[in-house]
Amino acid sequence: MNATDPQGTQGQDPDKKIDDWVTGDEPATGPQLSYLHTLAREAGEELPADLTKAQASQMIDRLKQASPRTGGTGGTGDAGNAGDLGGGTAGRAGP
């Protein structure tokens, strides 16, 4: 952290692969689980117990494609905030 980078994020890649996440093995966050419950309910699926952050992010990305609310567009409506939920990758611009 410094004056030009107060959050210490300079040089970090927002599109880092899930396998490279330092915290990917930590338990899923509350916001991730809340969003997953909504998406799973809409898709008629059950959530596995004890999801990690990485697993939750992957499941969010997959269920968003099947959600009638997002229409499989991968980034409209509420679904565009996956990054705020602890690491979703859908909705981000590709290379």
Side-chain angles (χ1 to χ4, degrees):
M1 281 196 269
N2 59 42
T4 59
D5 186 22
Q7 299 207 1
T9 58
Q10 188 174 21
Q12 291 183 3
D13 180 4
D15 294 324
K16 185 184 287 188
K17 293 179 185 175
I18 290 175
D19 294 339
D20 295 335
W21 290 2
V22 174
T23 61
D25 290 332
E26 292 179 3
T29 66
Q32 278 181 312
L33 293 173
S34 176
Y35 191 40
L36 271 171
H37 281 287
T38 299
L39 291 172
R41 184 179 62 244
E42 290 174 354
E45 292 193 24
E46 295 287 323
L47 288 182
D50 302 322
L51 286 172
T52 65
K53 287 181 181 179
Q55 291 168 329
S57 180
Q58 290 170 328
M59 194 167 192
I60 287 169
D61 289 346
R62 182 178 60 79
L63 290 175
K64 278 175 44 178
Q65 297 302 314
S67 173
R69 187 163 29 101
T70 62
T73 60
T76 61
D78 297 344
N81 292 324
D84 296 337
L85 301 174
T89 57
R92 293 188 181 145

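The chain is numbered in sequence order, starting from 1.
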Problem set entry | Side chain proximity check, Glu26 to Thr52, heavy atoms < 4.5 angstrom |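 No; the side chains remain at least 4.5 Å from each other.
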For this session: State, yes or no, whether a side-chain contact exists between Ser57 and Gln32 at a heavy-atom distance under 4.5 Å.
Result: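 A side-chain contact exists here, since the closest heavy-atom pair is under 4.5 Å.
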Problem set entry | Residues that Pro48 engages under side-chain contact (heavy atoms from CB on, under 4.5 Å), provided they are two or more places apart |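 Once residues adjacent in sequence are excluded, the partners of Pro48 under the side-chain contact (heavy atoms from CB on, under 4.5 Å) criterion are Leu51, Met59.
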For this session: Could you pull out all residues at least two apart from Glu42 that satisfy side-chain contact (heavy atoms from CB on, under 4.5 Å)?
Result: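 So Glu42 forms a side-chain contact (heavy atoms from CB on, under 4.5 Å) with Thr38, Leu39, Ser67, Pro68, Arg69.
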Exercise. What distance do Arg41 atom CZ and Leu47 atom CG have between them, rounded to the nearest 0.5 Å?
Worked result: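 Those atoms lie 10.5 Å apart.
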Exercise. What residues form a salt bridge (charged side-chain N to carboxylate O under 4.0 Å, His left out) with Arg62, not counting sequence neighbours?
Worked result: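 Arg62: salt bridge (charged side-chain N to carboxylate O under 4.0 Å, His left out) contacts with Glu45.
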Exercise. Who pairs with Gln58 by side chain to side chain donor-acceptor pair (under 3.5 Å), at least two apart in sequence or on another chain?
Worked result: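 Result, side chain to side chain donor-acceptor pair (under 3.5 Å) vs Gln58: none returned.
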